Amino acid sequence: MSTPRRIAIVGAGAIGGFLGTRLALAGHRVSALARGQTLQALQQHGWRLREAGELHQAPCATVSDDAAALGPQDLVVIAVKGPALAAVAGQLAPLLDAHTVVLPAMNGVPWWFVQGLPGIGDTPLDSVDPGGRIASAIALPRVLGCVVHAATGTSAPGVVEHRMGQGLIIGEPAGGESARANDWAAVLREAGFDATASPRVRYDIWFKLWGNLTMNPVSAITGATVDRVLDDPLVRAFCSAAMQEAAEIGRRIGCSIDQAPDDRHAVTRKLGAISTSMLQDVQAGRPMELDAIVGAVHELGRRVNVPTPNVDALFGLARLFGRVKDLYKN
Ligand SMILES: NC(=O)C1=CN([C@@H]2O[C@H](COP(=O)(O)OP(=O)(O)OC[C@H]3O[C@@H](n4cnc5c(N)ncnc54)[C@H](OP(=O)(O)O)[C@@H]3O)[C@@H](O)[C@H]2O)C=CC1
Ligand SMILES: CC(C)(CO)C(=O)C(=O)O
């Protein structure tokens, strides 16, 4: 087993608790920056994760809403929803020392996505990092990119339910191999994840986003599960058209997608009557993760001069829906 590490989970919800419990069970010293009922639950019960009907529990090293109480870490996993990221980024300084790695285990375009991307400029995307506050708080050399291929939820504060999948892809923002990506992938594998170190994590992020871009907002606006979204030929064609636009952006930024929209739809359709995470957020009255999943694609299209009329229409409708429901503030 690898030596025990100091790991902080920032946002101990469905994904944070999934990673936190497994890493704590694997013998690491796993703390949580949490708040409210989740903080109380972690203080009382530690990490809790139900898998295949069995509840696993592990001690939570330190739980606090103050990062100074946790102190410097080897790894900081950020697993909040997109709209909460700017606020937590400003709280991270006490967790970071010279070697701390930051792993954002989140969906959508991350704040660092355009940093160092040739031909697009280093200016952070307004949609995900207005004013560059997140990039200032988390220096790029600390970051390992991440894609989560899993479905989890919380049945109560601090109680995570694992539904399917345990895939994690991690990698250097600039691409290529690194000892630290290999090392953390090994730590995650030992904790039970199907973790791989990828030499092209920016592409991996874009490829996952390609599905979320349409399924999530369309389901959120309509209330339909993904099978119903895809079984309507007009809606399916609209989704395909938006995905073609995103694929063209991908070609311009070194993330060419070698898949047709219909092939991706076939994979998603097999999931059956599932509610996307954005639909679940709407139903629970939680803020929509629109900026990282749709707004960033709309903005990237402008940056690389790719017309995106379908993505724009989708963003406009989802944004308006979110504003009317008071679930989108920008
Ligand atoms: N769940 C899933 O199956 C998957 C999720 N993802 C992505 O992972 C990311 C996390 O999603 P998920 O785990 O589902 O979200 P959750 O809402 O379950 O968890 C987010 C957690 O962050 C906490 N939080 C928010 N702001 C703060 C703060 N300022 N201080 C401390 N804690 C805070 C929330 O607390 P509170 O409850 O108090 O708001 C909540 O516990 C998202 O980007 C999502 O799209 C990716 C793949 C699959
Ligand atoms: C439903 C699915 C698989 C595609 O959008 C998803 O990843 C999500 O809900 O976030």
Side-chain angles (χ1 to χ4, degrees), residues 8-21 31-43 47-51 60 62-70 76-92 94-95 103-111 113 128 134 137 145-170 193-194 204-205 207-209 211-213 215-217 219-220 226 271 274-294 296 327:
I9 306 291
V10 175
I15 291 298
F18 182 38
L19 272 81
T21 311
S31 299
L33 184 68
R35 65 182 182 183
Q37 290 185 313
T38 303
L39 185 151
Q40 285 172 12
L42 286 165
Q43 278 172 334
W47 295 105
R48 284 180 293 173
L49 167 66
R50 197 174 345 260
E51 301 200 68
C60 188
T62 306
V63 194
S64 180
D65 57 5
D66 178 2
L70 276 61
V76 173
V77 176
I78 306 180
V80 296
K81 286 270 167 70
L85 179 59
V88 298
Q91 301 172 37
L92 300 184
L95 305 177
L103 188 79
M106 297 170 61
N107 270 331
V109 172
W111 77 89
F113 198 74
V128 287
I134 304 171
C146 179
V147 182
V148 180
H149 286 294
T152 62
T154 47
S155 50
V159 183
V160 178
E161 309 288 337
H162 179 220
R163 300 194 180 117
M164 66 169 129
Q166 40 215 336
L168 293 174
I169 302 172
I170 68 173
F193 295 99
D194 181 6
D204 299 313
I205 288 168
F207 186 68
K208 182 174 187 202
L209 172 71
N212 292 140
L213 166 69
M215 290 305 113
N216 291 30
S219 67
V226 295
L271 298 174
I274 63 155
S275 299
T276 66
S277 49
M278 200 177 281
L279 174 56
Q280 290 177 41
D281 285 341
V282 167
Q283 288 170 337
R286 293 187 294 252
M288 295 165 74
E289 266 189 314
L290 255 190
D291 289 319
I293 292 176
V294 193
L327 302 175

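Model, not experiment: these values are computed from the prediction. Computation of the quantities below employed the complete heavy-atom set of this structure, encompassing side-chain atoms and omitting hydrogens, waters and symmetry-equivalent molecules. Counting starts at 1 for both ligands and their atoms, following the listed order.
- Taking every non-hydrogen atom of Ala84 and a distance limit under 4.0 Å, the qualifying atoms of ligand 1 come out as 25 (C), 26 (N).
- Numbered from 1 in the order shown, with element, the atoms of ligand 1 that lie under 4.0 Å from a heavy atom of Gly11 read 21 (C), 22 (O), 23 (C).
- The shortest side-chain heavy-atom distance between Ile293 and Asn107 falls under the 4.5 Å cut-off.
- Distances from ligand 1 to the non-hydrogen atoms of Ala105 include at least one value under 4.0 Å.
- Rounding to the nearest 0.5 Å places CE of Met215 at 12.5 Å from OG of Ser277.
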Output, in order, the C-alpha distance, side-chain angles, deciding distance and verdict of side-chain hydrogen bond (donor to acceptor under 3.5 Å, both in side chains) for Ser155 and Glu161.
CA-CA 7 Å; Ser155 50; Glu161 309 288 337; 2.5 Å; yes
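- Within the 4.0 Å heavy-atom cutoff, Ala151 counts among the residues contacting ligand 1.
- For ligand 1, the atoms sitting less than 4.0 Å from at least one non-hydrogen atom of Leu33 are 31 (C), 32 (N), numbered in the order shown with element in parentheses.
- The shortest N or O to N or O distance between Ala14 and ligand 1 is under 3.5 Å.
- Atom numbering of ligand 1 starts at 1 in the shown order; those under 4.0 Å from a heavy atom of Val148 are 47 (C).
- Proximity of Val148 to Leu19: side-chain heavy atoms (C-beta onward) are nowhere separated by under 4.5 Å.
- Without hydrogens or angle criteria, Ser219 side chain to Val226 main chain gives no donor-acceptor distance under 3.5 Å.
- Inclusion of Lys208 in the set of residues having an N or O under 3.5 Å from an N or O of ligand 1 is not warranted.
- Between the CE atom in Met278 and the CG atom in Leu327 there is a gap of 11.0 Å [rounded to 0.5 Å].
- Within ligand 1, counting atoms from 1 as listed, the ones closer than 4.0 Å to a heavy atom of Glu289 are 42 (C), 43 (O), 44 (C), 45 (O).
- Ligand 1 has a nitrogen or oxygen under 3.5 angstrom from a nitrogen or oxygen of Asn107.
- Within the 4.0 Å heavy-atom criterion, both parts of Ile15, backbone and side chain, lie near ligand 1.
- Aromatic ring pairs are classed by plane angle as parallel below 30°, tilted from 30° to 60° and perpendicular above 60°; the pair Phe18 and Phe193 is perpendicular.
- With a heavy-atom cut-off of 4.0 Å, Arg163 does not touch ligand 1 at all.
- Of the candidates Ile78, Ile205, Val77, Met106 forms a side-chain contact (heavy atoms from CB on, under 4.5 Å) with just one, namely Ile78.
- Within a 6.0 Å radius of CD in Gln283, more than 12 heavy atoms belonging to other residues, nucleotides or ligands are found.
- Looking at Glu161 against ligand 1, nothing comes within 4.0 Å, counting heavy atoms.
- For ligand 1, the polar-atom distance check against Thr154 finds no nitrogen or oxygen pair separated by under 3.5 Å.
- Each of the atoms 8 (O), 9 (C), 43 (O) of ligand 1 lies under 4.0 Å from some heavy atom of Met106.
- Within the 4.0 Å heavy-atom shell around ligand 1 one does not find Ala87.
- Between the CZ atom in Phe207 and the CD1 atom in Ile169 there is a gap of 9.5 Å [rounded to 0.5 Å].
- Only the backbone of Ala150 comes within 4.0 Å of ligand 1, counting heavy atoms alone; no side-chain atom from C-beta on gets that close.
- In this structure, the separation between CD1 on Ile15 and OG1 on Thr154 is 10.5 Å, given to the nearest 0.5 Å.
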